[in-house]
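To start, the structure itself, in structure tokens.
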Amino acid sequence: KQEVTQIPAALSVPEGENLVLNCSFTDSAIYNLQWFRQDPGKGLTSLLLIQSSQREQTSGRLNASLDKSSGRSTLYIAASQPGDSATYLCAVRLSYNTDKLIFGTGTRLQVFP
Amino acid sequence: NAGVMQNPRHLVRRRGQEARLRCSPMKGHSHVYWYRQLPEEGLKFMVYLQKENIIDESGMPKERFSAEFPKEGPSILRIQQVVRGDSAAYFCASSPPEGDRGYEQYFGPGTRLTVT
């Protein structure tokens, strides 16, 4: 059974810091991995999608890497800003099952000025 | 191109009533997924549908919950005889047809159900 874990559960940093959020999964047979952000009381915004054959994806100040063999992905946020404050979720899509996503537990990020 | 639409955004029901949640996928998307987020918990998969077919309902509670995605109109998640434990945020996501499996899932804003 696939389990997805995110560390740390919560993070509070001053503006300007570079951050690393971690996601680990127990079954390496994934189709892809997706990073989302969720603002309080709101829906999910897709940030990055990494296919199983890829090692990283970049969008602006965000960079996500994937190491399938070790069951890990990291989300790197450069030069953090208060507007980055949100909960960050990673989710894996299984390769041998339907297209459902298995979500991690989330990292609650607060960036203060 | 409008995103995934869900309505209502907030729904209050008394115990024992029925709740109907609607989801309109993005234009051109034929796959719909429902997820539930209980308070202080992560998102859990409930059901995956294509037009007129339930593909995977492994995450659906055995009783009181049902889902459909008719040929015309939105997908509906129906909860009969709601209980307080059904209070949660229900999210719908959609993705393009099967030939594009590499595409990501796009999420709607969610429906927040409160059972009093």
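Chain A is the first sequence line, chain B the second, and so forth, proteins listed ahead of strands; every chain is numbered from 1.
- Residues meeting the side-chain contact (heavy atoms from CB on, under 4.5 Å) test with A:Glu15, sequence neighbours left out: A:Pro82, A:Val111, A:Pro113.
- Heavy-atom distances place no part of A:Ile102 under 4.5 Å from chain B, backbone and side chain included.
- In this structure, NE2 in B:His31 is found 16.0 Å from NZ in A:Lys100, a value given to the nearest 0.5 Å.
- Between atom CG of residue A:Leu101 and atom CZ of residue B:Phe107 there is a gap of 5.5 Å, rounded to the nearest 0.5 Å.
- Atom CZ of B:Arg112 is surrounded by more than 12 heavy atoms from other residues, nucleotides or ligands within 6.0 Å.
- No more than 12 heavy atoms of other residues, nucleotides or ligands sit less than 6.0 Å from atom CZ of A:Arg55.
- Each of B:Leu43 and B:Tyr90 belongs to its own hydrophobic cluster when Ile, Leu, Val, Met, Phe, Trp and Tyr are linked at side-chain heavy-atom distances under 4.5 angstrom.
- Contacts between B:Gln37 and chain A at a heavy-atom distance below 4.5 Å involve the side chain alone, from C-beta outward.
- Residues forming a side chain to side chain donor-acceptor pair (under 3.5 Å) with A:Thr26 (at least two apart in sequence, or on another chain): A:Gln2.
- The neighbour count for B:Arg15 CZ, taken as heavy atoms of other residues, nucleotides or ligands under 6.0 Å away, does not exceed 12.
- When the shell of 6.0 Å around CZ of A:Arg108 is examined, it contains 12 or fewer heavy atoms from other residues, nucleotides or ligands.
- In terms of heavy-atom pairs under 4.5 Å with chain A, the best-connected choice from B:Gly59, B:Gly42, B:Pro109 is B:Pro109.
- Listed by sequence position, A:Phe36, A:Gln38, A:Gly41, A:Lys42, A:Gly43, A:Leu44, A:Ser46 are the residues of residues 35-48 of chain A in contact with chain B, using a 4.5 angstrom heavy-atom cutoff.
- Residue-environment remark: CE (B:Met60) exceeds the threshold of 12 foreign heavy atoms within 6.0 Å.
- When atom types are taken as modelled, the side chain of A:Gln34 and the backbone of B:Gln105 share a donor-acceptor pair closer than 3.5 angstrom.
- With sequence neighbours excluded, the residues forming a side chain to side chain donor-acceptor pair (under 3.5 Å) with A:Gln54 are A:Gln57, listed by chain and number.
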